[in-house]
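Input: a single structure, listed below in structure tokens.
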Amino acid sequence: ASEHFDELNTKLKEKEMELRYESEKIDISMPAKSRKTGNLHPVTQVRNQLIDIFASMGFSVYEGTEIETDYYNFTALNTPQDHPARDMQDTFYLSDEFLLRTQTSGGQIRTMDSQKPPIKVLIPGRVFRSDSDATHSPMFHQMEGLVVDKGITLGDLQGALNTFVQKLFGADTRTRLRPSYFPFTEPSAEMDISCNICG
């Protein structure tokens, strides 16, 4: 009886293994299941959103180079030779002439060199500065706009910024321009926006 039981047990185990092999069999000729991997980085998503908003207002986009000349990064923007921004501790110099751009403003000069007004351009990009602490990063993103045309006023700037903020944060978002001082712009202003959470 024990031999008969062992024989049946062996046959059952063999049958079980056959069924298992059958269920686990892989047809390598079948096409693979497509899997979507990854997403755009949040910074890229916001950058694309901002570009879309300004493009909807008629801005073209200028993608400048990250390696810039001293002329376009500083000299053409009236930055004096002894200005602290030109110091080695603030700027990544690659040579006497070339550096990693510290701002996207060189794109304004390049655009004005290559186009005649009217100009309406957005200049996004990565910029580099020799900062690295809890509140600074040596690489960050910047975006600036340039409009050159007849009859353009500070009201046009305020209108463009209002449209931008309302498309980004919602139609109920309120803004105000506050007079300010920046040595590189005249007149200078800062913009405040209402909180889109608490109003």
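The structure presented is a predicted model; accordingly, all values stated were derived computationally and were not measured.
A tilted orientation is assigned to the rings of Tyr93 and Phe74, their planes being inclined by 30° to 60°.
No option in Thr111, Val148, Val147 other than Thr111 meets the side-chain contact (heavy atoms from CB on, under 4.5 Å) test with Val121.
To the nearest 0.5 angstrom, Arg20 atom CZ is 13.0 Å from Lys13 atom NZ. Between the NZ atom of Lys167 and the CD1 atom of Ile53 there is a distance of 7.0 Å, given to the nearest 0.5 Å. With rounding to the nearest 0.5 angstrom, the CG atom of Leu122 is 9.0 Å from the CD atom of Glu144. For the atom pair CZ of Phe128 and CD of Gln103, the computed distance is 13.5 Å after rounding to the nearest 0.5 Å. Taking NE2 of His141 as the start and OG1 of Thr104 as the end, the distance is 12.0 Å to the nearest 0.5 Å. To the nearest 0.5 Å, atoms OH (Tyr181) and CD (Glu186) are separated by 8.5 Å.
In terms of heavy-atom proximity, Glu68 sits nearest to Gly106 at OE2-CA, 4.3 Å. Of all the heavy atoms in Gly107 and Ile123, the pair that sits closest is C-CD1, 3.5 Å. The two residues Met143 and Pro124 come nearest to each other via the heavy atoms CE-CB, 3.5 Å. Summarising the geometry of Thr175 relative to Val165, their closest heavy-atom pair is CG2-CG1, 3.9 Å, with the distance given to 0.1 Å.
At least one donor-acceptor pair under 3.5 Å links the side chain of Thr69 to the backbone N or O of Tyr72. Asn48 contributes no side-chain N or O that, together with a main-chain N or O of Gln45, makes up a donor-acceptor pair within less than 3.5 Å. Judged purely by atom type and a 3.5 angstrom limit, Arg101 uses its side chain to pair as donor or acceptor with the backbone of Arg126. A donor-acceptor pair under 3.5 Å links the side-chain atoms of Lys120 to the main chain of Met57, judged by distance alone.
Put simply, Val127 and Phe92 are part of two different groups of oily side chains (I, L, V, M, F, W, Y) that touch within less than 4.5 Å, one to the next. Linking Ile, Leu, Val, Met, Phe, Trp and Tyr residues whenever their side-chain heavy atoms come within less than 4.5 Å leaves Val43 and Ile51 in two separate clusters. In the hydrophobic cluster analysis, where Ile, Leu, Val, Met, Phe, Trp and Tyr join through side-chain heavy atoms closer than 4.5 angstrom, Leu19 is grouped apart from Leu12. Leu154 is connected to Phe59 through a chain of hydrophobic side-chain contacts under 4.5 Å among Ile, Leu, Val, Met, Phe, Trp and Tyr, so both are in one cluster. Residues Met112 and Ile152 are members of separate hydrophobic clusters, defined by side-chain heavy-atom contacts under 4.5 angstrom among Ile, Leu, Val, Met, Phe, Trp and Tyr.
At least one side-chain heavy atom of Leu50 sits under 4.5 Å from a side-chain heavy atom of Phe164. In this structure, the side chains of Asp70 and Arg86 come closer than 4.5 Å at one or more pairs of heavy atoms. At a threshold of 4.5 Å between non-hydrogen side-chain atoms, the residues Arg129 and His136 do not count as touching.
With respect to Arg178 and Asp192, a salt bridge is recorded, a charged nitrogen being found less than 4.0 Å from a carboxylate O.
Counting non-hydrogen atoms of neighbouring residues, nucleotides and ligands closer than 6.0 angstrom, the CG atom of Asp6 exceeds 12 such neighbours. Annotation for Asp113: atom CG counts as buried by contact number, over 12 foreign heavy atoms lying within 6.0 Å. Summarising the local packing, CZ of Phe182 is surrounded by more than 12 heavy atoms from other residues, nucleotides or ligands at distances under 6.0 Å.
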- request: Show your reasoning for whether side-chain contact (heavy atoms from CB on, under 4.5 Å) applies to Leu168 and Gln49.
  value: CA-CA 8 Å; Leu168 187 64; Gln49 185 181 10; 3.6 Å; yes
message: Run the side-chain contact (heavy atoms from CB on, under 4.5 Å) test on Leu99 and Ile67 for me, step by step, so that the C-alpha distance in whole Å, both residues' side-chain angles and the decisive distance to 0.1 Å come before the verdict.
response: CA-CA 6 Å; Leu99 51 95; Ile67 295 176; over 6 Å; no
query: How far apart are the C-alpha atoms of Glu7 and Lys11, what are their side-chain angles, what is the distance that settles it, and do they pass the salt bridge (charged side-chain N to carboxylate O under 4.0 Å, His left out) test?
result: CA-CA 6 Å; Glu7 188 181 322; Lys11 285 183 181 177; 3.7 Å; yes
task: Go through Lys25 and Glu22 one step at a time and tell me if the salt bridge (charged side-chain N to carboxylate O under 4.0 Å, His left out) criterion holds.
output: CA-CA 5 Å; Lys25 187 164 67 173; Glu22 191 63 34; 3.5 Å; yes
- request: Could you walk me through whether Leu146 and Tyr62 pass the side-chain contact (heavy atoms from CB on, under 4.5 Å) test, one step at a time?
  value: CA-CA 10 Å; Leu146 172 69; Tyr62 175 80; over 6 Å; no
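One side chain, Thr102 or Asn73, offers a donor N or O that lies under 3.5 Å from an acceptor on the other.
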